[in-house]
Amino acid sequence: MKLFVPAEFNFEENVKYLLRSSNECLHRIDNNRIYKALSVADETPVIEIRAGDCRELVVRFLGDTAPSRKWVRAEVARYVREWFDLDRDIVPFYRLAESDPLLKGPVQSFRGLRTVGIPDLFEAVTWGILGQQMNLTYAYTLKRRLVENFGRSVDCEGKTYWIYPTPDKIAACSVEDLAVLRMTVKKCEYLIDTAQRIASGELSKLGLLQTGSHQAAEKMLTSIRGIGPWTANYVSMRCLRFPSAFPIDDVGLHNAMKHILGRDSKPSKAEIRQLSAGWSGWESYATFYLWRVLY
DNA sequence: AGCCAGGCACCAA
DNA sequence: TTGGTGCATGGC
């Protein structure tokens, strides 16, 4: 299966992003190829993604996991397009970045990097919750424990691939069930609550997208206990894909600014507002490129 | 050993 | 709206 990609896409830059944690459990990189198991309807195709000859990605199904139904294959293609934000024209972002003191360097260094997404809402929200006020290394450890305790695995061609837990599964958990992962009681409660809302249909990606604006989606998300402005914007950025989503209080963003500006302390909030004033409409891409500076 | 992490709820003005 | 505080837990 071949997917056409825009000119402003560089496979290796995106692979480098995916390589940032050696503790990642939801995909595997080998020889510049990405391997991942997906869950579509009752099938669990395992895919390999590599760069094709000319402005294309080649997706191959491993083992006997090629979906028989056409629409399932289409869903896999849709997932990959969304994962790498392939249908967005980011030329305007590059244009505004050229004259931006913070973005100028990063867009040169990482040209072709997209805001790598988390297409599944439950995964996006819970990954956000896991990452709150936590060093990333430990957040990855918690994710691995969550996945290995409550997700399921697919064995294919001698490797094991993990699939993220379903909302149903976590919704049925008690705080004690999740406490074995060794995270705070609050985080356990937030995960279960989110799972229950998604399992019941009260919270859905479609519902959030239908609000029409990033602000409305943010409001809906922050009405949930455990989801504050940072997580709401993180989800808006990586799952809902509102380009204006902006986790402005993110400490990683602040550190990247400090680093690029050569300061010895993080910028104040007023300064951050000033520095990001020119990003209007592209805050999510600006944030993602600045995060990349720190890896 | 001590500061810091891809924050959040809660409370006061 | 903004600005503090407590929180819990592990990395480095």
Side-chain angles (χ1 to χ4, degrees), chain A residues 16-26 102-103 106 110 113-118 121 123-146 149 175-176 178-195 197 203 215 218-242 244-260 263-276 279 283-295:
Chain A
K16 277 186 207 161
Y17 170 79
L18 292 177
L19 278 168
R20 82 192 154 136
S21 170
S22 55
N23 206 12
E24 173 63 62
C25 57
L26 295 178
L102 285 173
L103 298 176
F110 312 123
L113 172 69
R114 321 290 291 196
T115 296
V116 177
I118 305 174
L121 178 68
E123 183 186 335
V125 177
T126 49
W127 174 233
I129 291 169
L130 288 179
Q132 292 169 3
Q133 185 63 9
M134 191 66 53
N135 65 76
L136 260 187
T137 309
Y138 188 54
Y140 274 105
T141 300
L142 286 179
K143 181 168 87 166
R144 176 179 287 280
R145 289 179 188 156
L146 182 73
N149 278 278
V175 169
E176 295 74 41
L178 291 187
V180 299
L181 308 181
R182 303 200 64 175
M183 58 184 159
T184 63
V185 169
K186 278 192 192 304
K187 272 199 204 312
C188 296
E189 291 171 354
Y190 297 161
L191 293 187
I192 294 167
D193 182 50
T194 301
R197 288 172 192 263
L203 181 66
Q215 288 85 351
E218 182 180 346
K219 195 170 177 184
M220 194 178 289
L221 283 165
T222 53
S223 70
I224 298 169
R225 253 179 72 84
I227 301 181
W230 179 85
T231 308
N233 278 278
Y234 185 85
V235 170
S236 296
M237 171 178 169
R238 299 201 61 192
C239 181
L240 306 179
R241 291 212 171 278
F242 289 112
S244 58
F246 190 23
I248 191 168
D249 293 317
D250 181 82
V251 66
L253 177 73
H254 304 168
N255 283 330
M257 288 176 161
K258 170 188 162 187
H259 179 259
I260 294 172
R263 304 280 182 77
D264 49 7
S265 64
K266 285 180 242 179
S268 69
K269 187 146 188 174
E271 221 174 343
I272 294 163
R273 286 210 189 88
Q274 202 174 354
L275 288 163
S276 60
W279 302 349
E283 289 89 342
S284 71
Y285 261 84
T287 301
F288 202 74
Y289 269 73
L290 289 181
W291 279 347
R292 182 66 182 78
V293 171
L294 297 179
Y295 296 154

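What's counted below: heavy atoms across the whole structure, side chains too, no hydrogens, waters or symmetry copies. Numbered from 1 within each chain, the chains take letters A, B, ... in sequence-line order.
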ask   = OP1 or OP2 of B:dA5 sitting under 4.0 Å from any side-chain N/O of A:Asn255?
value = yes
ask   = How about A:Tyr295 and A:Tyr17: are their ring centres within less than 6.0 Å of each other?
value = yes
query = Heavy atoms under 4.0 Å, any strand shown: does A:Pro229 hit a base, just sugar-phosphate, or nothing?
reply = sugar-phosphate
task = Using heavy atoms to find the nearest nucleotide of DNA chain B for A:Gly131 and A:Arg225 separately, return the residue whose nucleotide is more 5′.
result = A:Gly131
request  = Rounded to the nearest angstrom, tell me the gap between atom CD1 in A:Ile129 and atom P in C:dT9.
outcome  = 17 Å
message = If you compare every side-chain N and O of A:Arg182 against the phosphate oxygens of C:dG10 (OP1, OP2), does one of them come in below 4.0 Å?
response = yes
query = Does the side chain of A:Gln133 get closer than 4.0 angstrom to OP1 or OP2 of B:dC8 through an N or O atom?
reply = no
message = Give me the distance, rounded to whole Å, that separates C:dA8 from B:dC11 when you measure between the P atoms they each carry.
response = 15 Å
inquiry  = Nearest heavy atom decides the nucleotide; on that basis, is A:Asp250 or A:Gly226 closer to the 5' end of DNA chain B?
reply    = A:Asp250
query = Taking only side-chain nitrogens and oxygens of A:Lys187, does any of them come within less than 4.0 Å of OP1 or OP2 of B:dA5?
reply = no
inquiry  = In this structure, is the centre-to-centre distance between the rings of A:Trp127 and A:Tyr140 below 6.0 Å?
reply    = yes
query = Under 4.0 angstrom, heavy atoms only, what part of the nucleic acid is A:Lys269 near: base, sugar-phosphate, or nothing?
reply = nothing
task = Please state whether the phosphate of B:dA5, meaning OP1 or OP2, lies under 4.0 angstrom from any side-chain nitrogen or oxygen of A:Thr137.
result = no
request  = Starting at atom OH of A:Tyr138, determine the distance to atom P of C:dG10, rounded to an integer number of angstrom.
outcome  = 5 Å
key: Euclidean distance, atom CG of residue A:Leu221 to atom P of B:dC8 [Å, nearest integer]   = 11 Å
task = Nearest whole angstrom, please: distance from the P of B:dC4 to the NZ of A:Lys258.
result = 9 Å
task = Evaluate the side-chain proximity of A:Leu142 to A:Arg145: yes if any heavy-atom separation is below 4.5 Å, no if none is.
result = yes
key: NZ/NE/NH1/NH2 to OD/OE distance under 4.0 Å, A:Arg144 and A:Glu24   = no
query = Between A:Tyr140 (OH) and B:dA5 (P), how many Å, whole number?
reply = 17 Å
ask   = Just checking, any donor-acceptor pair under 3.5 angstrom between side chains of A:Asn23 and A:Thr141?
value = yes
